[in-house]
Amino acid sequence: MMNRNFNLGKKFMFFFPVAVLIAAALGYVVMCLWNWILPEVAHAGRLNYWQALGLLVLCRILFGNFNKGGHRGGFRERAQKLRAKWDSMNEEERARFKEEYKRRCGGWGHHRNKE
């Protein structure tokens, strides 16, 4: 039991500084990219390091989440479920699915020249 706690402590002592370094590097990258691109393109003001780090956190809150791995169930699990559903369909159900997909997505990715 004591050995397990020691291992967790060692992991924390390693990963915490690594996480801080990664966050610091990402903040610096955001600051450099913002100050390089946006003042000329969008006439935006320049950012200092702390503003860039705050912007990074804000974007993570608004557009991402703090869970490891993103969505519940990764891409492969969702693709396998969809494949299983497709395999269980008969030809008529597959044709209806394809028509509904074309109706909703407009045949995205399948452009045809109509003359």
Side-chain angles (χ1 to χ4, degrees):
M1 181 85 141
M2 187 174 172
N3 191 19
R4 182 174 180 213
N5 290 338
F6 179 72
N7 287 338
L8 289 175
K10 274 177 75 174
K11 288 178 184 178
F12 178 77
M13 293 301 289
F14 174 74
F15 286 111
F16 182 72
V18 170
V20 169
L21 286 174
I22 289 172
L26 286 174
Y28 183 75
V29 168
V30 168
M31 180 187 72
C32 290
L33 287 172
W34 181 285
N35 291 335
W36 179 45
I37 297 170
L38 288 177
E40 292 182 25
V41 174
H43 304 292
R46 298 179 64 81
L47 291 181
N48 64 31
Y49 174 76
W50 296 108
Q51 290 171 327
L53 200 58
L55 183 64
L56 187 64
V57 170
L58 178 65
C59 287
R60 187 70 176 164
I61 291 169
L62 293 176
F63 302 118
N65 57 26
F66 289 98
N67 296 338
K68 287 193 320 187
H71 304 299
R72 269 188 240 139
F75 174 78
R76 289 182 188 202
E77 289 84 10
R78 289 180 296 198
Q80 287 172 347
K81 286 181 184 178
L82 188 59
R83 173 56 69 184
K85 185 176 181 179
W86 179 263
D87 289 340
S88 69
M89 290 181 183
N90 61 32
E91 291 301 319
E92 182 181 318
E93 290 171 329
R94 288 180 184 178
R96 274 189 278 146
F97 178 84
K98 288 179 183 178
E99 287 302 316
E100 182 66 18
Y101 177 80
K102 285 180 187 177
R103 186 185 68 76
R104 288 187 183 186
C105 302
W108 180 77
H110 303 286
H111 302 288
R112 296 182 184 150
N113 293 332
K114 295 182 179 179
E115 296 180 24

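Both backbone and side-chain heavy atoms feed into the values below; hydrogens, waters and symmetry mates do not.
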Looking at residues at least two apart in the chain, or sitting in another chain, which of them share a side-chain contact (heavy atoms from CB on, under 4.5 Å) with [X]?
X: E100; result: R103, R104
X: W36; result: L33
X: E92; result: N90, R96
X: R76; result: none

Min side-chain heavy-atom separation D87-R83 under 4.5 Å: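 D87 reaches R83 side chain to side chain.
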Common cluster, [X]/[Y], ILVMFWY with side-chain heavy-atom separation under 4.5 Å:
X: V18; Y: L26; answer: yes
X: L58; Y: F63; answer: yes
X: L21; Y: M13; answer: no

Enumerate, atom names and distances included, each donor-acceptor pair closer than 3.5 Å involving a side-chain atom of residues 44-51, sequence neighbours excluded.
residue	atom	partner	partner atom	Å
R46	NH1	N35	O	3.3
N48	OD1	W50	N	3.1
N48	OD1	Q51	N	2.8
Y49	OH	A24	O	3.4
Q51	OE1	N48	N	2.9

Non-neighbouring partners of F12 that pass ring-ring contact (aromatic ring centres under 6.0 Å, His included), sequence neighbours left out: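 Checked F12 against ring-ring contact (aromatic ring centres under 6.0 Å, His included); matches are F16.
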Listed by chain and number, what are the ring-ring contact (aromatic ring centres under 6.0 Å, His included) partners of F97, not counting sequence neighbours?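 F97 satisfies ring-ring contact (aromatic ring centres under 6.0 Å, His included) with W86 only.
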Would you give the length of the straight line joining atom CG of L55 to atom CE of M31, rounded to the nearest 0.5 angstrom?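 These two atoms lie 12.5 Å from each other.
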Locate the shortest heavy-atom distance separating M89 from R94; write the atom from each residue and the value. O-NE, 3.5 Å
Taking every heavy atom of S88 against every heavy atom of E93, the minimum-distance pair comes out as O-OE1, 4.2 Å
